[in-house]
Every structure is written in C-alpha cells, then in structure tokens.
Amino acid sequence: MGSHFLRGVRPLLFPRLPGRVFSLESIRSARRPLSNLMAPPRIGTHNGTFHCDEVLACVLLRLLPEYRDAEIVRTRDPEKLASCDVVVDVGGEYDPQRHRYDHHQRSFTETMSSLSPGKPWQTKLSSAGLIYLHFGHKLLAQLLDTSKEDSMVGTLYDKMYENFVEEVDAVDNGISQWAEGEPRYVLTTTLSARVARLNPTWNQPNQDTEARFKHAMDLVQEEFLQRLDFYQHSWLPARALVEEALAQRFQVDPSGEIMELAKGGCPWKEHLYNLESALSPPVTIIFVIYTDQNGQWRIQCVPKEPHSFQSRLPLPEPWRGFRDEALDQVSGIPGCTFVHANGFIGGHRTREGALSMARATLAQRPVPMPPTNPLVQ
C-alpha cells in the first residue's frame, strides 16, 4: 500500500483512546447508566448465525475513531440492545438519529437512491448499506487522509458502493441479479458466501459463533481496505490518465476520434464512458492507441456499450485474422503485427503505424445516407 493510504490506516493499527463527547440526546437514546459513561461504546447486533451485512456494518463502524474500541454486543435481548450506542441488523427499527440501523421491518424499503437523492442505485439497503450511507464519506476521508470535501472521496464513495457494498445489500435481501430464468452459473466464492462458511456447520459439536464472528470481521475488513487501496492507487490514477488523453485527442488526430494513452495497461473503458457522458464531447472516441508490455503499439476499438463485444467501428474485415507480412499486403501499411479475427484490436510496431491503421479505418467508414423526404419526387 502507498504511504498516503497507510497514514490513514496507521491509527487503526496503533489506536489511541479518544475522548468522547456526549450530548443529552445521545445519553437518553443509549440509556446507559451514568457509571458506564466512560466505558467503550457498544455496537449491538444479533447473535447466532451471522451474515456478511452485519459483519461489514460492524467493520465500518470499528474503522471510525469514535468506535475503534467499541465492544460488539451480539444479542437479541431488547434490554441489552437498548444499552448499545449503535444497533445494526436487529431491533426492528431504522432511526439514524438514535443510531438504529435495521432493515428487516416490513415498512423498510429504503435504497441508496431514496435516502440520497441523485444516487442511481435502487437496491434495498441492508445494515451494511445503511452504515455506509450514513458514515461512508467520513470513513473514506479518514482512510484516505483527506477532507470529506475532497472530490476523490465522493468518487471513491460511489465506486466502493457500486462494486463492494451493493452486492452485500443485494445478497442479504435476496435480490437476484436477473428478473427471471435460471442462472447460467453458480457463484460460490463471493464475500457473502465466504462469511457464511465461517459459521459452524450443522453437525459440529461446538456451535459457538463469537470467535468465528471476529474471524469474519477480520476477513471483511481486510477485503474492504484492499479494495479501497486498489481504487485509490490504480483505478483513480487511470481516470486521470484517460481524462488527460481525452482532452488531448485533437493533438493526436484532427478528427478527435483517436485517443492515445500515455501508458498502456491501464483500465480505460469505464472511465471513457463516464467522461463522455459527463463532458458530451462533439465526437466520440472510436480508437484508443497505446503501447503493450513489449513496447509495440496496439490499436483497440471502443465498444458500443460497456460489456459489449460490438465495436463502434471495427477494423476492416479484409484485415481480420492476418498477421505480419500478410497483413502488410492487405492493409497497405508496412509494419503491422496482427488484427484479431473479430476486428476489435490490432497491433503495429510503431506509433505512426498504429495511427495509420486507425486513420485508414476511419477513411473506409461508410458514409451515412441523408434522410429522404417522401414528399420530394
């Protein structure tokens, strides 16, 4: 991990005991005896079989300074839960003012979109999603060693929800990835599945879940921090690189339809779609050129849509499946190395050669026919 990220995580590894500030409201809602006000805070959740959502909820809270030393109270006893500072995934109520975050009650239908207008996600929230919604910006700012106002926090907040937390919400609420039909394959290695397998099996003599719950928290915390580190140090820098390349596209070619990445190997497709959607450039990018690990050049066609195998403009059909000298002859461009049989990617020994392949393909693009007016004879 980078030193910037570790500065945010170091206090988690070598914690100080923070002083706590209590308001009358927090004291009333927690109902803790006066003799216990200096005790560590308590996070309540249900006992018995545990699931990924409350494990992640507890992990996220314990990553915050105010709950770093919190005791995890696993119980369904209403009196014991009433004495907790925060209650997740149990209790039958959602009341963020009193830090009650259950999602099992019949009346609960909240999503990220309903509680945070402007967000697109409409998956019903679990206790993990609720804690992330209410504490996520503060937590990421701390882990990233920056302020909540930093745009990086907002970007990574959305990315971590869509690619980490939402899955946990969906699995816990029994929401399928598709509306109907049988799954084409079975997923058994998701984070939720790995957490579930840490529970005692039905025929084990020892059915105690306390130690196993702590193991599950360690597993989920490590995965959450690893994912955040990846998005901060790999995914986010790639976005900056793509944004710069998009801004300089007319310097690469007057058409503005060819984008050159300064460094090959970075994930560019998702960033390009997002930037095009946000910036609405006058023309869309058709080709991306970059160097491969051997220092030779690649030309890749931009797919029509994310996850699509159809290109906005594939490389010419007569080139497809040819390599080296044979490709030089059919393309008329010396130095070509290959074109994939599906026409979505090709290679050349030089930058100018890759540009020539892109420009030749653009030149062969069919000219759209103007619309006809049926009234004109």
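Here, residue 1 is the first one in the sequence, and each next residue gets the next number.
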For atom CD of Gln122, decide whether the heavy atoms of other residues, nucleotides or ligands shown that lie under 6.0 angstrom number more than 12.
-> no
If we only count heavy atoms from C-beta on, is the Thr109 to Lys124 side-chain gap below 4.5 Å?
-> no
Qualifying residue, where the test is side chain to side chain contact (heavy atoms under 4.5 Å, CB included) with Thr123 and the options are Thr111, Asp169, Asn173 = Asp169
Quick one: do the Thr45 and Asp89 side chains pair a donor with an acceptor below 3.5 Å?
-> no
Should Lys80 and Glu71 count as an ion pair when the cut-off is N to O under 4.0 Å?
-> no
Does the distance from a Lys or Arg side-chain N to an Asp or Glu carboxylate O, for Lys119 and Asp158, drop under 4.0 Å?
-> yes
Check whether any side-chain N or O of His271 sits under 3.5 Å from a backbone N or O of Trp235 as a donor-acceptor pair, and report yes or no.
-> yes
Can you check side-chain contact (heavy atoms from CB on, under 4.5 Å) on Glu270 and Lys159, steps first, answer last?
-> CA-CA 11 Å; Glu270 179 186 3; Lys159 187 66 174 176; 2.7 Å; yes
Derivation of the side-chain contact (heavy atoms from CB on, under 4.5 Å) call for Leu60 and Phe135 = CA-CA 8 Å; Leu60 297 178; Phe135 296 91; over 6 Å; no
Out of curiosity, Ile72 CD1 to Met217 CE, how far, rounded to the nearest 0.5 Å?
-> 4.5 Å
Could you tell me whether Tyr132 and Phe164 have their ring centroids closer than 6.0 angstrom?
-> no
Roughly how far, to the nearest 0.5 Å, is CD of Gln232 from CG of Leu140?
-> 10.0 Å
Is Arg74 close enough and on-axis enough to Phe213, meaning under 6.0 Å and within 45°, for cation-pi?
-> yes
Contact summary for Pro282 and Arg249, nearest pair of heavy atoms | CD-NH2, 3.6 Å
Separation of Ile345 CD1 from Phe287 CZ (nearest 0.5 Å) | 12.0 Å
Under the side-chain contact (heavy atoms from CB on, under 4.5 Å) criterion, do Leu362 and Ile258 qualify, and how do the steps go?
-> CA-CA 10 Å; Leu362 291 174; Ile258 306 172; 4.1 Å; yes
Audit row: His103, Asp172, side-chain hydrogen bond (donor to acceptor under 3.5 Å, both in side chains) steps and yes/no = CA-CA 10 Å; His103 66 110; Asp172 194 78; 3.1 Å; yes
Measure the CZ-OG distance between Arg239 and Ser234 for me, rounded to the nearest 0.5 Å.
-> 14.5 Å
Any sub-3.5 Å donor-acceptor pair from His51's side-chain atoms to Asp53's backbone N or O?
-> no
No-hydrogen, no-angle side-chain donor-acceptor test under 3.5 Å, His99 and Tyr101 | yes
Please round to the nearest 0.5 Å and tell me the distance separating atom OG1 of Thr337 and atom CE of Met357.
-> 7.0 Å
Mind running salt bridge (Lys or Arg N to Asp or Glu O under 4.0 Å) on Glu257 and Arg312 for me, showing each step along the way?
-> CA-CA 11 Å; Glu257 296 176 294; Arg312 291 176 175 174; over 6 Å; no
Taking all heavy atoms of Ile299 and all of Gly347, pick out the closest pair and write down the distance.
-> CG2-N, 4.3 Å
From Leu275 CG over to Ile285 CD1, what is the distance, rounded to the nearest 0.5 angstrom?
-> 10.5 Å
The residue among Ile286, Val288, Thr284, Leu313 that forms side chain to side chain contact (heavy atoms under 4.5 Å, CB included) with Val302 is Val288
Enclosure of Gln293 CD (heavy-atom neighbours >12, cutoff 6.0 Å) = no
Here the pair of heavy atoms bringing Asn163 nearest to Arg227 is O-NH1, 2.6 Å
Closest heavy-atom pair, Ala238 versus Cys266, reported as atoms and distance to 0.1 Å, is CB-CB, 4.1 Å
Kindly say whether Phe344 contributes a backbone atom to a donor-acceptor pair with the side chain of Asn342 at under 3.5 angstrom?
-> no
Is the distance between the ring centroids of Trp121 and Tyr161 under 6.0 Å?
-> yes
Answer yes if the side chains of Ser83 and Arg42 hold a donor-acceptor pair under 3.5 Å, and no otherwise.
-> yes
Pair Thr75-Asp77, side-chain donor/acceptor within less than 3.5 Å = no
Apply the side chain to side chain contact (heavy atoms under 4.5 Å, CB included) test between Cys52 and each candidate in Val59, Leu219, Val168; give the one that qualifies.
-> Val168
Shortest non-hydrogen contact from Ala216 toward Phe50 = CB-CE1, 3.8 Å
So, do Tyr67 and Val86 sit near enough that their side-chain heavy atoms are less than 4.5 Å apart?
-> yes
So, for His46 and His104, is the gap between ring centers shorter than 6.0 Å?
-> no
Check: Asp328 side chain, Pro334 main-chain N or O, donor-acceptor pair, under 3.5 Å | no
When you look at CD of Gln207, are more than 12 heavy atoms from neighbouring residues, nucleotides or ligands closer to it than 6.0 Å?
-> yes
If you take all heavy atoms of Glu167 and Leu191, which pair is closest and at what distance?
-> OE2-N, 4.2 Å
Using a strict cut-off of less than 4.0 Å between a Lys/Arg side-chain nitrogen and an Asp/Glu carboxylate oxygen, indicate whether Glu66 and Lys138 qualify as a salt bridge.
-> yes
Which is it for Leu228 and Leu156 under the side-chain contact (heavy atoms from CB on, under 4.5 Å) test, yes or no, and what are the steps along the way?
-> CA-CA 8 Å; Leu228 180 61; Leu156 293 180; 4.2 Å; yes
